[in-house]
Colleague: 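What follows is a structure written as structure tokens; I'll ask about it next.
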Amino acid sequence: KITYTILIDGLCRGSMVDLALGLVVQMRHVDCSLDIITYNILVDGLCKLGRVEEALELADEMTQVGCSWDIITYNKLIDGLCKVGSLHSAFRLIAEMRHADCAPDIISYTALINGLCKEGRVHEALGLVAKMIQDGFSPDIITYTILIDCVFKVSRMDQPLGLADKMRQDGCSPDIIAYSTLIDGLCKEDRVDLALGLAAEIRHADCTPDIIMYNSLINGICMEERLIEAFGLVAKAIRDGCSPDIITYTTLMNGFCKAGKVDEALGLADKMIQDGWFPDTVTYSTLIGGLCKVYRVDLALRVLSKMRHADCSSNIVTYNTLIDGLVKVGRVDSALKLVA
RNA sequence: GUUGGGUGACUCU
């Protein structure tokens, strides 16, 4: 049973939930019943893919077979519901927990606080933090990071730096995620140099920089069109043991595109492929946008078909970008063809 | 053996 569970967990982590569900069928054939851990893993896997309805069905099945939900089941469903925007149902589950003798813990609260924050409902989020404290749970580094991220995204002021100080006073020393959140927020407020200063500080704070932190800095510096410095940061990241990833490449391409230097962006796309990366939907859309920006819509259309040949799916943004570009050069007919 | 936080593309801001 544990072997199956470990396999199922591995499949779920690799977003292969359907294969995992196949294993469940197999388990049933060999008369191996699912236990709560297996159920929780499957619920988690489904939620991660946004398939919350199916997760809820599975959770119902649990109840039917006499396997009652534990706090992990509840927390996972609460988080999953929040992530698809069903905060109402998530709050209902919290209420249900109290009746089911399974009191919400810091993870339950934090999942909801995150949900509220992601919808921009800062005041309600802060209210829930207060409630959580009343309930005996002090905000931890994760709670603080969520709030810092949220306050940056909503108000774009100095408040997040104050929150960071408060976090330290509370005995939470910032980790790499907290630092990156601050760094990203500062970059998006056009305070890249302050962000760079903070990044220099993390070595003294016992944190190991990662590629996400560098990607934020690279994006910030690209948005200021400091492209040479952006490459300096890539070199620095590599020296720090952080390998550039698909987001690093796309961020740099976007920097070139925004600066109207789409040929350099296309060159980077080639380099990226040479380095063994597959451009994804965002990468292709970035290039299409860059081409449209300089009115090279025919090449943009060719990138779209290239994307299809590479088995890379397009999405609404890809189309919006192209349609916008086509309309701007007066090719409304081609734009309409895309819609049809 | 299972649960909460940070990075890239369009439009608006």
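Small disclaimer: the values here were computed from a predicted structure and weren't measured. Below, read A as the first sequence line, B as the second, and so on, with proteins coming before strands; counting in each chain starts at 1.
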Colleague: What does the 5'-to-3' dot-bracket notation of RNA chain B look like when only Watson-Crick and G-U wobble pairs under 3.5 Å count, and pairs to other strands show as |?
Modeller: .............
Colleague: So with a 6.0 Å cut-off around CD of A/E96, is the heavy-atom count from everything else above 12?
Modeller: yes
Colleague: Once you apply a heavy-atom cut-off of 4.0 Å, does A/S216 come out as touching a base, just sugar-phosphate, or nothing?
Modeller: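 Touches sugar-phosphate only.
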Colleague: Does the pair A/K261/A/E264 count as a salt bridge with the N-to-O cut at 4.0 Å?
Modeller: no
Colleague: Side chain to side chain donor-acceptor pair (under 3.5 Å) with A/N114: which residues, sequence neighbours excluded?
Modeller: A/K118
Colleague: Contact class for A/K48 (heavy atom, under 4.0 Å): base, sugar-phosphate, or nothing?
Modeller: nothing
Colleague: With a 4.0 Å cut-off on heavy atoms, is A/T38 in touch with a base, just the backbone sugar-phosphate, or nothing at all?
Modeller: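 Base contact - A/T38 has a heavy atom under 4.0 Å of at least one base atom.
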Colleague: What residue among A/L11, A/L21, A/L23 forms side-chain contact (heavy atoms from CB on, under 4.5 Å) with A/M16?
Modeller: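 Answer to the side-chain contact (heavy atoms from CB on, under 4.5 Å) test with A/M16 among A/L11, A/L21, A/L23: A/L11.
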Colleague: Would you say the side-chain atoms of A/T281 pair up with the backbone N or O of A/S313, donor to acceptor, closer than 3.5 Å?
Modeller: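 Yes, the answer is positive, given that a donor and an acceptor are paired below the 3.5 Å cut-off.
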Colleague: Which residues within residues 313-333 of chain A lie with some heavy atom under 4.0 Å of an atom in RNA chain B?
Modeller: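 The stretch gives A/N315, A/V317, A/N320, A/T321 as the residues lying under 4.0 Å from the strand, ordered by number.
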Colleague: For A/T73, report the nucleic acid contact type (base, sugar-phosphate, nothing); a contact means any heavy atom under 4.0 Å.
Modeller: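 If one applies the 4.0 Å heavy-atom cut-off, A/T73 turns out to touch nothing in the nucleic acid.
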Colleague: At the 4.0 Å heavy-atom cut-off to chain A, mark where contacts on RNA chain B begin and end, going 5' to 3'.
Modeller: B/G1 to B/C10
Colleague: May I ask you to say what A/I211 touches in the nucleic acid, namely base, sugar-phosphate or nothing, with a heavy-atom cut-off under 4.0 Å?
Modeller: nothing
Colleague: Assess whether a salt bridge exists between A/D275 and A/K271, defined as any Lys/Arg side-chain N lying under 4.0 Å from an Asp/Glu carboxylate O.
Modeller: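 Salt bridge between A/D275 and A/K271, a charged N being under 4.0 Å from a carboxylate O: yes.
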Colleague: Of all of residues 80-101 of chain A, which get a heavy atom below 4.0 angstrom from RNA chain B, listed by number?
Modeller: A/K83
Colleague: So, are A/K188 and A/D184 salt-bridged, with charged N and O less than 4.0 Å apart?
Modeller: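 Looking at A/K188 and A/D184, the cut-off is met.
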Colleague: So what does A/S285 touch, heavy atoms closer than 4.0 Å: a base, only the sugar-phosphate, or nothing?
Modeller: base
Colleague: Has A/D70 got a side-chain atom pairing as donor or acceptor with A/I72's backbone, closer than 3.5 angstrom?
Modeller: yes
Colleague: Looking at side-chain heavy atoms only, is the closest gap between A/P279 and A/I273 below 4.5 Å?
Modeller: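 The answer is yes, as the side chains (C-beta and beyond) meet within the 4.5 Å cut-off.
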Colleague: For A/D170 and A/C172, indicate whether the former's side chain and the latter's backbone hold a donor-acceptor pair under 3.5 Å.
Modeller: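 Side chain of A/D170 to backbone of A/C172, a donor-acceptor pair under 3.5 Å: no, none is there.
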Colleague: How is A/M213 classified with respect to the nucleic acid when contacts are heavy atoms under 4.0 Å: base, sugar-phosphate, or nothing?
Modeller: base
Colleague: With sugar-phosphate meaning primed atoms plus P, OP1 and OP2, does A/D210 contact a base, only sugar-phosphate, or nothing at under 4.0 Å between heavy atoms?
Modeller: base
Colleague: Take atom NZ of A/K1 as the centre, draw a 6.0 Å sphere, and report whether it contains more than 12 heavy atoms from other residues, nucleotides or ligands.
Modeller: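 Counting other residues, nucleotides and ligands, NZ of A/K1 exceeds 12 neighbours.
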Colleague: Taking the side chain as C-beta and beyond, is there a heavy-atom pair between A/D298 and A/R331 under 4.5 Å?
Modeller: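 Of all side-chain heavy-atom pairs linking A/R331 with A/D298, at least one is under 4.5 Å.
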Colleague: Determine the contact category for A/I37: base if any of its heavy atoms lies under 4.0 Å from a base atom, sugar-phosphate if only primed atoms, P, OP1 or OP2 are that close, otherwise nothing.
Modeller: base
Colleague: For A/T143, which contact category applies under a 4.0 Å heavy-atom criterion: base, sugar-phosphate, or nothing?
Modeller: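 Since a base atom lies under 4.0 Å of A/T143, the category is base.
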Colleague: Identify the two heavy atoms, one from A/C222 and one from A/A230, that lie closest to each other, and give their separation to 0.1 Å.
Modeller: SG-CB, 3.8 Å
Colleague: Of the options A/R51, A/K83, A/K76, which is the one that meets A/D44 in a salt bridge (Lys or Arg N to Asp or Glu O under 4.0 Å)?
Modeller: A/K76
Colleague: Taking side chain as C-beta onward, heavy atoms only, is A/D105 less than 4.5 Å from A/Y74?
Modeller: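 A side-chain contact is absent here, since even the closest heavy-atom pair is not under 4.5 Å.
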Colleague: Categorize A/I78 for me: base, sugar-phosphate, or nothing, with a 4.0 angstrom heavy-atom threshold over every strand shown.
Modeller: nothing
Colleague: Pick base, sugar-phosphate or nothing for A/I106, based on heavy-atom distances below 4.0 Å to the nucleic acid.
Modeller: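 The answer is base, as A/I106 lies within the cut-off (heavy atoms under 4.0 Å) of a base atom.
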Colleague: Just checking A/T145: base, sugar-phosphate only, or nothing, at a heavy-atom cut-off of under 4.0 Å?
Modeller: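 Counting heavy atoms under 4.0 Å across all strands, the contact made by A/T145 includes a base.
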Colleague: Check whether any side-chain N or O of A/D280 sits under 3.5 Å from a backbone N or O of A/V282 as a donor-acceptor pair, and report yes or no.
Modeller: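 Yes; judged by distance alone, with no hydrogens or angles, the pair exists.
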Colleague: If the test is side-chain contact (heavy atoms from CB on, under 4.5 Å), which one of A/I218, A/N254, A/V192 qualifies with A/M223?
Modeller: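 The passing option is A/N254.
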Colleague: Within residues 225-245 of chain A, which residues have any heavy atom lying less than 4.0 Å from an atom of RNA chain B?
Modeller: none
Colleague: Once you apply a heavy-atom cut-off of 4.0 Å, does A/T250 come out as touching a base, just sugar-phosphate, or nothing?
Modeller: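 Base: the residue A/T250, judged by heavy atoms under 4.0 Å, touches a nucleobase.
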